[in-house]
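A short worksheet on the structure shown next.
Numbered from 1 within each chain, the chains take letters A, B, ... in sequence-line order.
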Amino acid sequence: MSLFDRDARAFAEALFAGPEGPPPDERLRWLVADLADFLEQSGPRAWAVITGGLEVATWLAPPLIGKLPPLSRLSVEERCRALDKLEHSPAGLPLLAVKAILCILYYEHPDSLAEIGVTKPGESAPGCLVELRRPAASSGGAA
Amino acid sequence: MSGEPFVGRARVNEASREGRDLELDADVVVVGSGAGGAVVAALLAEAGRRVIVLEEGPNVSVDEIQSMRPSQHMRRAWRDGGMTVAVGVGDTPTINVTMGRAVGGSSILTGGVCFRTPEHVLSTWEERLGLPQFSPAKLDAYFSEVERAIHVEEVPVEMRSRSTQLFAEGAEKLGYAIEPLRRNTMGCNGCGRCNFGCPHGAKLSVDMTYLPRATAAGAELWSDCLVERVLVEGGRAVGVEGTILTRPRGLAGKLGFGRAPKLRVRAKQVVIAAGSYHSPLLLERSGVGRASGQVGRNMTLHPAFRMFARFEVRVEGWRGALQSAYSRALESDGITMVGLFVPPGVLAATMPGFGTEHVRRAADVPHLAVFGGLIHDEGGGTVRRGPGREPIVTYRMAPADRARIPQIIRTMAEVFFAAGAKEVFPPILGQPGVGPDELRTLDLERIPALRLECSSQHPLGSCRMGRRPDDSVVDVDGQAWDVRGLYVADGSIVPTSLGVNPQLTIMALATRIAHGLRERPLP
Ligand SMILES: Cc1cc2nc3c(=O)[nH]c(=O)nc-3n(C[C@H](O)[C@H](O)[C@H](O)COP(=O)(O)OP(=O)(O)OC[C@H]3O[C@@H](n4cnc5c(N)ncnc54)[C@H](O)[C@@H]3O)c2cc1C
Ligand code: SF4
């Protein structure tokens with residue numbers, strides 16, 4: 001796993017962790033691959049904004065709760081607390097970009113949409129999403 | 001033109017597929033195929049001129065859009081995947097400024113909202129800037145021509161989403177008038193997908209109207225062509241040159257080495273329509289307009305703020321037209337409130353918190369309504385050359401504009417509460433939802449700029465037109481003061497902020513410039 005994959009996954013595991021823990025491994029792998037595809041296609045500035053934001057989260061969030069970085073070393077609960085602190089700090093803006101793009105991608109996945117009640121099981125996605133064929137695991141931008 | 005608009009598909013030459021240098025020759029070369037450039041290209045091609053349009057972005061067809069997730073559209077057709085910013089200076093939030101980078105430019109990303117330039121804005125142009133050429137009466141014919149060409153129609157009340165209905169109910173209770181929007185659509189089914197390209201070909205953006213007209217009349221439209229310099233000889237523009245955006249083949253290409261094919265177009269007239277971020281960049285790189293000291297300055301943005309509100313009932317705001325109603329109740333305060341909606345993932349993205357807190361909030365997405373407010377700003381944006389291909393843009397908000405932010409937030413929140421919202425989510429980073437009492441105790445005047453979420457879709461004015469070469473970049477016909485045969489015809493020439501969505505103004509001004517060019521003999 002590359003450092004980028006490690007950091008993006010650590011962030012996503014925390015962001016989307018429900019009472020039962022982080023989302024399934026297959027969905028996280030798809031998400032991280034799709035993020036990499038997004039950045040490759042969107043150009044160097046998008047890449048800089050997101051990797052910069054991830055670096056901030058990876059290295060600056062843990063000390064805010066008295067832990068040593070990187071973020072991936074922390075338990076999921078600790079990561080949530082650390083990121084929450086960072087979100088309320090002046091460094092919250094770079095975090096927003098990472099959170100925004102991860103959410104945009106994550107909630108295009110049919111299972112994520114169903115989990116937040118946008119669709120009912122078996123129902124197709126709303127028109128504003130148009131097409132939501134089930135992405136293959138780890139297939140990057142495939143859909 | 002009369003009757004039904006010309007709707008079709010443009011013939012696009014994808015330069016990246018050619019794999020070779022391009023040397024072309026034309027009467028007119030148009031740089032940028034967005035709202036401004038497409039209009040000029042069509043009108044001049046129809047007048048018999050040999051026109052070449054060069055577009056940096058790719059061609060994204062309706063067929064492709066039909067099979068794209070919103071984020072796939074963002075990575076392909078939005079500049080920087082939607083992450084372009086104007087860096088806030090002083091007490092100003094950093095603003096996410098979105099724009100298109102594709103055939104059709106930002107026109108393909110719009111919600112379709114169409115406003116004529118408000119009369120009070122045109123009065124300012126006339127009285128304060130000395131531009132009587134732009135009175136409502138004198139612009140009427142240009143607006144009418146564009147409105148016919150892109151089929152501007154009123155959004156029926158039945159197409160309003162529940163989100164907009166709720167805002168309208170609250171507004172009515174508080175005495176704010178809500179009016180229907182007009183949009184450039186034909187056969188719209190209200191799927192709410194507009195910002196990610198219309199998969200049904202129902203939004204009549206320039207890729208469906210003016211660009212097909214241009215190529216039907218013989219214009220050549222080339223995608224993947226980054227123009228880097230205007231060629232000037234003896235004080236006259238004689239063409240442009242740049243790079244074809246393609247990766248060289250083989251190992252060298254994969255590693256990022258190798259020479260990208262070059263592009264050179266000789267032309268008798270050059271029209272720059274690269275948008276408010278890139279037109280000034282191109283002029284500056286070409287050494288044009290330096291004497292005025294105005295290239296890249298005076299940019300306005302319409303800084304915009306969203307408000308989410310949670311209702312007990314399911315709102316499912318994604319059902320219905322994305323944008324259908326607005327309010328100008330606060331127009332005299334420099335604020336326009338406009339309906340909008342965003343896909344569930346974008347809604348969830350701005351929910352505060354991580355882990356269970358975020359997941360709990362995200363489950364509220366079907367219960368959220370949204371409205372937006374934009375500031376009719378005084379300006380304060382500057383576009384400068386950056387280290388790479390993209391500019392560095394900064395924005396310093398005028399104190400009067402900064403003072404409007406709390407008013408926007410409060411007004412939209414109060415409207416939603418009047419409609420029965422349980423809590424609202426102001427555009428403040430990490431701010432949990434607040435009820436009516438908590439809203440009153442929020443010290444909105446003192447929220448640091450760094451914590452404000454702000455966006456813009458309307459950069460304007462960075463190569464403004466005017467009466468004098470020392471305070472503007474182009475004259476009232478769009479021609480650069482210091483280089484003959486060089487015109488600018490896009491949002492960058494709009495001399496002040498408009499307070500309303502700008503595509504119609506840009507297209508009407510481009511129409512006026514094209515009419516002028518048609519009447520002028522070629523050199
Ligand atoms: C998400 C979104 C929603 C919007 N909604 C509305 C709406 O509902 N109503 C409304 O009135 N307005 C709306 N707008 C604004 C409107 O789309 C723009 O104001 C308008 O399209 C600007 O026109 P333009 O010609 O100045 O630039 P653009 O339409 O942006 O076109 C500029 C083109 O030039 C190309 N280009 C740039 N540099 C170069 C170069 N060096 N070489 C070659 N090509 C280059 C770009 O790739 C781009 O395609 C919206 C904008 C966005 C981003
Ligand atoms: S609502 Fe749907 S059909 Fe109508 S213009 Fe927007 S994307 Fe096209």
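Of the atoms belonging to Ala100(A), heavy atoms from both backbone and side chain fall under 4.5 Å from chain B. Neither the backbone nor the side chain of Leu102(A) comes within contact range of chain B; no heavy atoms are under 4.5 Å apart. Contact of Tyr106(A) with chain B is not made at all, since no heavy-atom distance falls under 4.5 Å. Proximity to chain A (any heavy atom under 4.5 Å) is restricted, for Val365(B), to the side chain, taken from C-beta onward. Only the side chain of Arg314(B) comes within less than 4.5 Å of a heavy atom in chain A; its backbone stays farther off.
Side-chain contact between Met74(B) and Ile104(A) is present, with at least one heavy-atom pair separated by less than 4.5 Å. Using a 4.5 Å cut-off on side-chain heavy atoms (C-beta onward), Leu93(A) and Glu453(B) make no contact. Here the side chains of Tyr107(A) and Leu347(B) are not in contact, with every heavy-atom distance at 4.5 Å or above. Ser42(A) has its side chain out of reach of Asp80(B): every pair of non-hydrogen atoms, C-beta onward, lies at least 4.5 Å apart.
The aromatic rings of Phe354(B) and Phe11(A) lie perpendicular to each other, with more than 60° between the two planes, well past the 30° mark.
Listed for the His358(B) side chain is no donor-acceptor partner under 3.5 Å among the backbone atoms of Leu15(A).
Here Leu96(A) contributes atom CG and Thr350(B) contributes atom OG1; the two are 8.0 Å apart, rounded to the nearest 0.5 Å. With rounding to the nearest 0.5 Å, the separation of CZ in Arg45(A) from CD in Glu390(B) is 5.0 Å. The CD atom of Glu357(B) sits 10.0 Å away from the SG atom of Cys80(A) when rounded to the nearest 0.5 Å. In this structure, Ser71(B) OG and Leu105(A) CG are separated by 5.0 Å, a value rounded to the nearest 0.5 Å. Note: Leu86(A) CG to Leu429(B) CG = 10.5 Å, rounded to the nearest 0.5 Å. If you take CD on Gln72(B) and CG on Asp37(A), they are separated by 7.5 Å, rounding to the nearest 0.5 Å.
Gly18(A) and Thr356(B) get closest at one heavy-atom pair: C-CG2, 3.5 Å. Scanning all heavy atoms of the two residues, the minimum distance from Ile116(A) to Ala362(B) falls at CB-O, 3.6 Å. Closest heavy-atom contact between Gly117(A) and Pro366(B): O-CG, 3.6 Å.
When each of Gly355(B), Gly81(B), Ala363(B) is scored by its heavy-atom pairs under 4.5 Å with chain A, the top score falls to Gly355(B).
Under the salt bridge (charged side-chain N to carboxylate O under 4.0 Å, His left out) criterion, the residue pairs touching residues 82-95 of chain A are Glu87(A)-Lys99(A), with sequence neighbours excluded.
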In sequence, state the C-alpha distance, the side-chain angles, and the governing distance for Asp34(A) and Arg75(B), and then conclude on side chain to side chain contact (heavy atoms under 4.5 Å, CB included).
CA-CA 11 Å; Asp34(A) 202 33; Arg75(B) 47 194 113 172; 3.0 Å; yes
Start with the C-alpha distance between Val359(B) and Glu115(A), add both sets of side-chain angles, then the distance that settles side chain to side chain contact (heavy atoms under 4.5 Å, CB included), and finish with yes or no.
CA-CA 9 Å; Val359(B) 171; Glu115(A) 279 165 15; over 6 Å; no
